[in-house]
Undergrad: 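Quick one: this structure, given as structure tokens, is what I'll be asking you about.
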Amino acid sequence: MNIILLGPPGAGKGTQAARLVSQRGMRQLSTGDMLRAAVAAQTPIGIEAKAIMDRGELVSDEIVSALIDAELLAMGEGTGAIFDGYPRTSEQVGQLDAILARHDRQLDRVIELEVDEDELVRRIVGRFSCANCGAGYHDEFQQPTTAGVCDKCGSSEFKRRKDDNEETVRTRMAEYRAKTAPILPSYEARGLVTRVDGMAPIEEVSAAIERALVTV
Ligand code: AMP
């Protein structure tokens, strides 16, 4: 099964993708994560992408589609893919169709997480994660049980994304509205879209996604 998780930054795509990975053995393909890894490793792609990401703008379609193509190739056939944060433009929609065809895969469902923008800014600006295992936390909604210690691995090192500040978040939202939301009608015309209330508690969002996937 191959699915897309679509929604503005902070809608919970990463959280839900992580659940599908552990529950269904699928693989999360997050172009944001791949780009952050490239920035950290200072590869040519990372060097090119860094300033664009820091401003909250979109990296070129060719770069992100090449990253996805390479990941699918490395994955082999049997594992389902969750596209998280990709595609984000109509060009990427066309590129993904071509990539899937090349890898003998089909797109089974597009899940749109519907959310309220002001609430999203609160969610994003407070989020941080364990620097060791990546477990996600939030200043207001989900502090570690013991302050300063990761619940999952015990590490005391945490990190925040550089683009999780209010100004950049507003730019990322505007990019979503201008370039990503307009790709939905083409997937709707193909009968692929299920809308899920992304403001509901995490468990309820997961249950709604599961219901959407049983019919696939
Ligand atoms: P994300 O982690 O999905 O919020 O992505 C972080 C940043 O990486 C975005 O603000 C963009 O600068 C860049 N990025 C991630 N995915 C894409 C994509 N599919 N197309 C263009 N830029 C992307």
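These numbers come from the heavy atoms of this one structure, side chains and all, not from hydrogens, waters or symmetry mates. Just follow the structure's listing: the first ligand is 1, and inside any ligand the first atom is 1. Along the sequence shown, residues are numbered consecutively beginning with 1. The structure displayed is predicted, hence computed values, not measured ones.
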Undergrad: Do you reckon Val64 sits in the same ILVMFWY cluster as Met75, going by side-chain contacts under 4.5 Å, direct or chained?
TA: yes

Undergrad: Will you find, in the side chains of Thr79 and Arg27, an N or O donor that is under 3.5 Å from an N or O acceptor?
TA: no

Undergrad: Which protein N or O atoms sit under 3.5 Å from any N or O of ligand 1? Give atom names and distances.
TA:
from, atom 1, to, atom 2, distance (Å)
ligand 1, 2 (O), Arg36, NH1, 2.9
ligand 1, 2 (O), Arg36, NH2, 3.0
ligand 1, 2 (O), Arg161, NH1, 3.2
ligand 1, 2 (O), Arg161, NH2, 3.3
ligand 1, 3 (O), Arg88, NH1, 3.0
ligand 1, 3 (O), Arg88, NH2, 3.3
ligand 1, 4 (O), Arg88, NH2, 3.4
ligand 1, 4 (O), Arg161, NH2, 3.2
ligand 1, 4 (O), Arg172, NH2, 3.4
ligand 1, 12 (O), Glu57, O, 2.5
ligand 1, 16 (N), Thr31, OG1, 2.8
ligand 1, 16 (N), Gly85, O, 3.4
ligand 1, 16 (N), Arg88, NH1, 3.0
ligand 1, 19 (N), Thr31, OG1, 3.4
ligand 1, 19 (N), Gly85, O, 2.9
ligand 1, 19 (N), Gln92, OE1, 3.0
ligand 1, 20 (N), Gln92, NE2, 2.9
ligand 1, 22 (N), Val59, N, 3.0

Undergrad: Tell me yes or no: between the side chains of Ser65 and Tyr86, is some donor less than 3.5 Å from an acceptor?
TA: yes

Undergrad: Verify the cluster assignment for Ile99 and Ile4: are they in a single hydrophobic cluster under the rule of side-chain heavy atoms below 4.5 Å apart?
TA: yes

Undergrad: Hydrophobic cluster mates of Phe158, side-chain heavy atoms under 4.5 angstrom, ILVMFWY only, any path?
TA: Phe128, Tyr137

Undergrad: Verify the cluster assignment for Leu72 and Ile63: are they in a single hydrophobic cluster under the rule of side-chain heavy atoms below 4.5 Å apart?
TA: yes

